[in-house]
Amino acid sequence: MTENSTPPRAEPEAEPTAESEAVPRCQIRAVHTESTVTVYQAYAPGIGVPAAREGHFPSSWQRDRMTWIKPSFLWMMYRCGWGTKERQETVLAVEITREGFEWALKHSCLSHYDQDLHTDPAAWKARLKRTPARVQWDPERDLHLRPLPHRSLQLGLTGEASRRYADEWTVSITDVTALARTVHQHVRAGELDVARHLLPRERPYPVADGALAHLGA
């Protein structure tokens, strides 16, 4: 299974560009169609390979465990080291229904206490305990995996949300490990324009006004 951790705060940020400065601090950006949205995960081959082959998660995928999904390809590359980290060697693009994705957002809570959103720490803990999804806004990444000024959504699913994700929301699963390695090769060679051209075309995900207010966005 994949794991989640908050990136170290001491990392130097990438130099801001006009494009990055124009992006809202907390915004969902993803590959999406009228009915689906693509998220990324990385697994050991024993889970990832059969999942991609069959188009759904195998019975060995633990549906009672927290799982984190990421709409940002580059944040997934940061997390899994371009598919080189142990037990994260198989990178998956998981296409899920927008209905399911938005259900998870609606039934989610920030993974940390925010005094501007929560009455007090006890109220936040109570909400966190009863919600099946949680959200972190972590620094987006550039091609060198350096943190950018704006944030990327990490969506944690547990309980009902995790089971729905695996057995109801998933439309397709594609192994994109080869893409990850190819992009990385071009980055290492200094061919950033080529690498950038290969990236999935992520764009702002449409949400209703105020729909993410409980998540600080």
Side-chain angles (χ1 to χ4, degrees), residues 1-7 26 28-33 35-73 75-80 83 85-113 118 124-138 151-177 205 207 211-212 214-217:
M1 303 292 289
T2 52
E3 297 178 3
N4 186 81
S5 60
T6 302
C26 294
I28 301 173
R29 296 169 299 279
V31 173
H32 57 86
T33 68
S35 59
T36 66
V37 57
T38 298
V39 297
Y40 299 95
Q41 295 193 290
Y43 289 96
I47 292 289
V49 171
R53 182 178 62 241
E54 303 298 333
H56 58 80
F57 289 102
S59 58
S60 57
W61 192 88
Q62 298 177 25
R63 285 154 173 80
D64 59 348
R65 182 175 175 178
M66 173 73 73
T67 189
W68 289 85
I69 59 177
K70 311 159 194 0
S72 167
F73 180 82
W75 207 95
M76 185 70 258
M77 296 306 99
Y78 163 72
R79 184 67 185 88
C80 71
K85 291 185 180 180
E86 185 178 4
R87 300 186 63 78
Q88 297 188 57
E89 301 93 342
T90 306
V91 184
L92 301 179
V94 185
E95 191 179 22
I96 64 175
T97 65
R98 283 175 58 160
E99 180 181 10
F101 182 66
E102 291 168 15
W103 183 94
L105 291 172
K106 181 179 180 180
H107 295 84
S108 63
C109 176
L110 279 182
S111 62
H112 64 278
Y113 169 68
H118 310 117
W124 163 71
K125 288 181 180 179
R127 177 173 174 78
L128 188 68
K129 186 176 182 179
R130 66 175 182 265
T131 54
R134 56 206 57 183
V135 160
Q136 290 183 188
W137 295 102
D138 293 321
R151 301 276 167 154
S152 177
L153 175 80
Q154 321 304 321
L155 183 57
L157 309 174
T158 188
E160 180 183 3
S162 181
R163 293 189 293 272
R164 287 189 177 207
Y165 168 67
D167 300 324
E168 298 178 21
W169 302 341
T170 298
V171 174
S172 69
I173 301 178
T174 304
D175 187 338
V176 293
T177 309
Y205 184 84
V207 293
L212 304 180
H214 64 298
L215 301 173

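- A distance-only check finds no donor-acceptor pair linking the side chain of E102 to the backbone of G100 [under 3.5 Å].
- Here the shortest heavy-atom pairing between R151 and W137 reads NH1-O, 3.0 Å.
- For T38, the side-chain contact (heavy atoms from CB on, under 4.5 Å) partners at least two apart in sequence or on another chain are V31, Y40, A93, E95.
- Looking at R29 and S152, their side chains come closer than 4.5 Å, going by heavy atoms from C-beta outward.
- Contact record, V91 with D175: O-OD1, 3.4 Å, taken as the closest heavy-atom pair.
- The shortest side-chain heavy-atom distance between W61 and D167 does not fall under the 4.5 Å cut-off.
- Here K85 pairs with R79, Q88 under the side-chain contact (heavy atoms from CB on, under 4.5 Å) rule; sequence neighbours left out.
- Here the shortest heavy-atom pairing between V94 and I173 reads CG1-CG1, 4.2 Å.
- Relative ring orientation between W124 and H118 is described as tilted, the plane-to-plane angle lying within the 30° to 60° band.
- Applying the ring-ring contact (aromatic ring centres under 6.0 Å, His included) test to H214 and every residue at least two apart in sequence or in another chain returns nothing.
- Among residues two or more places apart in sequence or in another chain, the ring-ring contact (aromatic ring centres under 6.0 Å, His included) test is passed with H112 by none.
- The nearest pair of heavy atoms linking R98 to V37 is CG-N, 4.1 Å.
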Check residues 44-58 and write down every donor-acceptor pair under 3.5 Å in which the side-chain atom is one partner and the other belongs to a residue at least two apart or another chain.
none

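- With hydrogens and angles disregarded, no donor-acceptor distance shorter than 3.5 Å links the side chain of S162 to the backbone of D64.
- When side chains are defined from C-beta on, E160 does not count as touching H107, because their heavy atoms never get closer than 4.5 Å.
- Every residue two or more places apart in sequence or in another chain that forms a side-chain contact (heavy atoms from CB on, under 4.5 Å) with T97 is listed here: E99, W169, V171.
- Residues A161 and P132 share a closest heavy-atom pair of CB-O, 3.2 Å.
- Y165 places none of its side-chain heavy atoms less than 4.5 Å from the side chain of L155.
- Between Y78 and W75, the ring-plane angle classifies as perpendicular under the 30° and 60° cut-offs.
- Counting only heavy atoms from C-beta outward, the side chains of L212 and V135 never approach each other to under 4.5 Å.
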